[in-house]
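Beneath this line is the structure, given in structure tokens, with notes to follow.
Ligands are counted one by one from 1 in listed order, and the atoms in each one are counted from 1 as well. Because only heavy atoms are used, hydrogens play no part in the values below, and waters and symmetry mates are left out as well, while side chains stay in.
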Amino acid sequence: MIKLHLKNIKKEYISSNKDFNFFLEIDDLKIRKGDFFGLIGSSGCGKTTLLKIIAGLIVPNRGNLYMEDRDITNIAPEKRNIGMIFQEPLLFPHMNVFENIYFGLKMKKISKKDSIEKINKVLESVGLKGFENKYPHELSGGQKQRVSLARALVLKPEILLMDEPFSALDPKLRDEMRELILRIHKKYKMTIVFVTHDKEEAFILFNRMAIMKEGKILQKGSPKEIYEKPLDTYVANFLGIKNTFYGRVEDDIFKYENLKINLKDSSLNGFYGNIILKPECFEVKKMYNLKNALNGFYGIIKDCSFRQGFLFFKIDVKSNEIEVVQKFNLDIEFEVGERVFVEYDIKNIYFIKDDMEELKC
Ligand SMILES: Nc1ncnc2c1ncn2[C@@H]1O[C@H](COP(=O)(O)OP(=O)(O)OP(=O)(O)O)[C@@H](O)[C@H]1O
């Protein structure tokens with residue numbers, strides 16, 4: 001079921017001297033009920049603007065927003081039943097934790113008795129039982145963000161919007177908060193739209209996401225789908241996919257400087273484009289072990305490090321550096337300076353033609 005549908009949304013920011021204009025244009029974005037949906041992109045691409053349009057804090061110049069089948073384009077923010085959490089917790093400093101959470105319930109005219117019950121439950125969910133009487137200045141950054149989460153959750157929003165809520169926290173706290181929000185998403189079965197520029201966060205949290213650039217959505221899908229088939233090199237680079245090379249296909253072979261990859265596909269001949277060679281799609285083989293080796297190339301190991309059961313190689317292939325990640329095997333030792341064969345499976349290689357059309361080779 002579609003929970004939120006954005007259709008032909010446009011928002012313009014025109015600067016007074018017209019030397020800096022920004023246009024957000026979202027043709028069609030559907031977020032399903034129960035999605036943990038990510039809006040991801042580099043600074044200034046329009047993520048927050050889009051989130052605020054969903055919240056009703058910014059009115060688009062044109063287009064419509066539907067929540068299920070209801071057109072909410074002209075509905076006031078407080079009537080949308082959408083919660084929002086910002087990077088800063090924005091708590092009332094003169095109110096304790098209980099009062100901060102009670103504030104929204106009071107506005108909705110929920111009785112004190114019912115409110116106490118709801119607040120107790122939500123404080124338990126966010127791990128802050130016993131903190132009712134603390135004031136914001138007595139709380140850590142992570143605890144404050146838990147209070148702002150509790151304050152949003154207690155109102156049972158249909159959609160929860162989160163704008164880089166963990167970016168001000170240290171890495172350990174950030175991990176804890178990510179686990180907490182995943183638990184909460186599961187428990188409350190709510191739809192979450194979460195803004196981040198952190199690709200690691202995207203792979204941990206989202207079941208679907210949209211990658212944005214300069215006010216537009218470049219690609220939508222599950223993080224896995226997008227990682228597997230990035231539609232262009234911006235997306236590939238943004239997701240940190242290594243080994244992308246720009247070159248030309250001739251005689252079925254992709255050529256970039258001295259690097260040659262046989263694509264075994266004559267339909268690509270004459271095309272320029274980017275080839276994506278994902279580090280985990282190779283196997284580094286010893287020179288004495290090439291009996292069954294198929295496609296690949298020779299190279300020299302420039303660097304090899306061990307991390308969490310994997311070997312991370314940097315391999316010099318005719319003056320081009322290729323990164324390879326492969327499972328550590330106790331029986332095989334590699335050395336820097338060693339000549340090796342780097343094998344690949346042709347089905348894991350993607351060539352993105354210059355006209356942005358992606359082809360699986
Ligand atoms: N009220 C405004 N008036 C004019 N321009 C604005 C306004 N708000 C944002 N912008 C501009 O619009 C663009 C998009 O801003 P937005 O905050 O949506 O981006 P973002 O992707 O959330 O960035 P960040 O990750 O840095 O928060 C930016 O270039 C910003 O300078």
Side-chain angles (χ1 to χ4, degrees), residues 4-29 31 35-65 72-74 76-77 80 82-90 141 144-145 148-149 152 159-171 173-174 177-178 181 191-206 208-221 223 226 230-240:
L4 190 68
H5 187 180
L6 284 81
K7 255 181 160 171
N8 298 321
I9 293 287
K10 184 159 187 187
K11 175 71 194 169
E12 301 174 350
Y13 292 128
I14 308 287
S15 67
S16 49
N17 52 8
K18 298 205 170 166
D19 61 355
F20 179 79
N21 300 328
F22 178 80
F23 302 99
L24 178 84
E25 281 180 292
I26 308 294
D27 297 337
D28 189 73
L29 177 64
I31 295 173
D35 266 346
F36 198 142
F37 195 94
L39 293 174
I40 176 162
S42 52
S43 185
C45 70
K47 305 179 295 292
T48 299
T49 302
L50 181 52
L51 210 65
K52 286 185 173 170
I53 288 175
I54 298 172
L57 301 172
I58 291 179
V59 181
N61 299 101
R62 70 164 161 77
N64 291 76
L65 277 98
I72 58 163
T73 319
N74 298 311
R80 292 187 181 197
I82 291 179
M84 185 147 179
I85 295 176
F86 299 90
Q87 187 177 343
E88 294 301 324
L90 305 176
K144 278 190 230 173
Q145 206 48 302
S148 79
L149 186 57
I159 301 175
L160 184 62
L161 307 177
M162 306 183 83
D163 193 356
E164 308 218 31
F166 311 142
S167 56
L169 306 177
D170 69 48
L173 265 180
R174 212 177 300 153
M177 291 302 285
R178 285 171 185 164
I181 194 65
T191 309
I192 299 180
V193 185
F194 191 110
V195 159
T196 185
H197 58 261
D198 180 345
K199 60 178 188 297
E200 305 298 332
E201 198 151 55
F203 288 107
I204 295 168
L205 295 179
F206 310 144
R208 292 183 68 237
M209 65 182 187
I211 299 197
M212 295 180 65
K213 184 188 174 194
E214 294 167 4
K216 291 194 173 64
I217 291 177
L218 291 184
Q219 193 171 357
K220 308 175 267 206
I226 299 179
L231 276 184
D232 69 21
T233 41
Y234 179 86
V235 174
N237 292 335
F238 188 81
L239 293 180

Legend entry - Interatomic spacing from CD1 in Ile226 to CD in Gln219 - rounded to 0.5 Å: 5.0 Å

Inset, instruction - Would you check, one step at a time, whether the test salt bridge (Lys or Arg N to Asp or Glu O under 4.0 Å) holds for Asp232 with Lys213? - result: CA-CA 12 Å; Asp232 69 21; Lys213 184 188 174 194; over 6 Å; no

Inset, instruction - Answer yes or no: does atom NZ of Lys7 have more than 12 heavy-atom neighbours from other residues, nucleotides or ligands under 6.0 Å? - result: no

Legend entry - Whether over 12 other heavy atoms sit under 6.0 Å from Gln87 CD: yes

Legend entry - Side-chain touch Phe238/Leu218, heavy atoms, less than 4.5 angstrom: no

Under a 3.5 Å threshold, I'd like every N/O contact between ligand 1 and protein atoms, with atom names and distance.
from     : atom 1 : to    : atom 2 : distance (Å)
ligand 1 : 18 (O) : Thr49 : N      : 2.9
ligand 1 : 18 (O) : Thr49 : OG1    : 2.5
ligand 1 : 19 (O) : Gly46 : N      : 3.3
ligand 1 : 21 (O) : Gly44 : N      : 3.4
ligand 1 : 21 (O) : Cys45 : N      : 3.1
ligand 1 : 21 (O) : Gly46 : N      : 3.0
ligand 1 : 21 (O) : Lys47 : N      : 3.1
ligand 1 : 21 (O) : Lys47 : NZ     : 2.9
ligand 1 : 22 (O) : Thr48 : N      : 2.9
ligand 1 : 22 (O) : Thr48 : OG1    : 2.8
ligand 1 : 23 (O) : Gly44 : N      : 2.8
ligand 1 : 25 (O) : Lys47 : NZ     : 2.8
ligand 1 : 26 (O) : Ser43 : OG     : 2.6

Legend entry - Ile72 backbone acceptor or donor facing Arg80 side chain under 3.5 Å: yes

